[in-house]
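These notes are about the structure you will find just below.
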Amino acid sequence: MTDKSNYINEVSLRYANALLLIAGEDGVDKIKNNFETFIKAIDQNRDLGNLISNPLINNLKKSVILEKICVKLKTEKTFLGFILTLTKHSKVILINKVFSKFNQLIDQRNGLTEVYVTTSSKLDSDNEKEIKKVISEKINLKIKLKKIVDPDIIGGIIIRINSLMIDNSIKTKLSESNL
């Protein structure tokens with residue numbers, strides 16, 4: 001990773017941790033719902049996305065607009081304060097990364113381990129359940145399956161658990177046989 005991506009990850013994690021702390025045990029679900037609603041609004045409105053990512057718009061103007069949006073979305077005061085803090089410190093552009101880190105922290109708190117499964121085509125629900133069951137039993141942890149479809153692997157499966165990767169894809173097998 002580059003220094004810039006390390007910095008972005010570190011800052012996003014700090015803000016996510018802070019939000020988790022101020023949300024408290026009882027408020028995490030509400031804050032997560034607020035976060036999801038806010039991210040959805042950004043995804044659905046190009047102008048809002050442009051506002052957040054535009055460094056030429058000063059933070060005070062952004063704060064006023066984002067406060068109105070949060071009020072319209074009926075977010076918690078805690079979440080509104082969080083958005084205003086991100087904006088004040090010119091970090092609102094990291095909102096998606098902070099949301100991702102926030103979800104990871106919630107999963108960790110709930111004892112879930114993220115497992116990335118890459119296949120060449122979409123998994124049907126039976127295969128997904130079976131893969132989840134087998135992996136969970138093998139590593140003896142509760143898992144959260146993150147599915148990735150990559151037609152370039154031709155067939156087979158790639159499983160990534162933290163820094164461990166099991167590559168049983170046809171693409172890799174073919175490239176290994178050519179060595």
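Fair warning: this is a prediction, and the values are worked out from it, not measured in the lab.
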Review point. Does the side chain of Asn162 pick up a donor-acceptor pair with the side chain of Thr113 at under 3.5 Å?
Key: no
Exercise for review: Taking only Lys NZ, Arg NE, NH1 and NH2, and the carboxylate oxygens of Asp or Glu, determine whether Glu25 and Arg109 approach each other closer than 4.0 Å.
Suggested key: yes
Point to revise | Ring geometry between Phe99 and Phe35 (parallel below 30°, tilted from 30 to 60°, perpendicular above 60°) | key: tilted
Check your understanding: Are side-chain heavy atoms of Asn168 and Lys173 found at a separation under 4.5 Å?
Key -> yes
Point to revise | Heavy-atom check, side chain of Leu141 versus side chain of Ser136, under 4.5 Å | key: no
Check your understanding: Only one of Ile148, Ile135, Ile161 clears side chain to side chain contact (heavy atoms under 4.5 Å, CB included) with Val117; which?
Key -> Ile135
Point to revise | Within 6.0 Å of NZ in Lys91, more than 12 heavy atoms from elsewhere | key: yes
Check your understanding: Hey, mind stepping through Ile157 and Ile159 against side-chain contact (heavy atoms from CB on, under 4.5 Å) and telling me if it holds?
Key -> CA-CA 6 Å; Ile157 190 169; Ile159 301 170; 4.1 Å; yes
Point to revise | Connected via hydrophobic side-chain network under 4.5 Å: Leu84 and Leu94 | key: no
Check your understanding: How about Ile170 and Ile153: do any of their side-chain heavy atoms sit closer than 4.5 Å?
Key -> no
Practice item. Tell me whether Leu145 is reachable from Ile139 by hopping between hydrophobic residues (I, L, V, M, F, W, Y) whose side-chain heavy atoms are closer than 4.5 Å. Key: yes
**Study point:** Residue pair Tyr15 / His89, side-chain heavy-atom distance below 4.5 Å
**Key:** yes
Check your understanding: Any side-chain heavy-atom pair from Lys40 and Thr37 closer than 4.5 angstrom?
Key -> no
Exercise for review: Taking the side chain as every heavy atom from C-beta outward, state whether Asn54 and Ile57 have any atom pair closer than 4.5 Å.
Suggested key: yes
Practice item. Return the minimal non-hydrogen interatomic distance between Ile42 and Gly49, and the atom names on each side. Key: CG2-CA, 4.0 Å
Check your understanding: Hey, are Thr172 and Asp167 close enough side-chain-wise for a donor-acceptor pair under 3.5 Å?
Key -> yes
Review point. Hey, does the side chain of Lys147 reach the backbone of Lys122 with a donor-acceptor pair shorter than 3.5 angstrom?
Key: no
**Study point:** Polar side chain donor-acceptor pair, Asn17 to Lys101, under 3.5 angstrom
**Key:** no
Exercise for review: Show the numbers, then the answer: is there a side-chain contact (heavy atoms from CB on, under 4.5 Å) between Leu51 and Leu66?
Suggested key: CA-CA 9 Å; Leu51 168 83; Leu66 294 176; 4.1 Å; yes
Study note, to complete from the structure: Cys70 and Ile83 have their tightest heavy-atom pair at SG-CG1, 4.1 Å
Check your understanding: How about Lys30: does its NZ atom have over 12 heavy atoms from other parts shown lying under 6.0 Å from it?
Key -> no
Review point. Are any of the side-chain heavy atoms of Thr119 and Ile158 separated by less than 4.5 Å?
Key: no
Point to revise | Derivation of the side-chain contact (heavy atoms from CB on, under 4.5 Å) call for Glu114 and Ile143 | key: CA-CA 6 Å; Glu114 282 186 342; Ile143 66 168; over 6 Å; no
**Study point:** pair Leu105-Leu13: side-chain heavy atoms closer than 4.5 Å
**Key:** yes
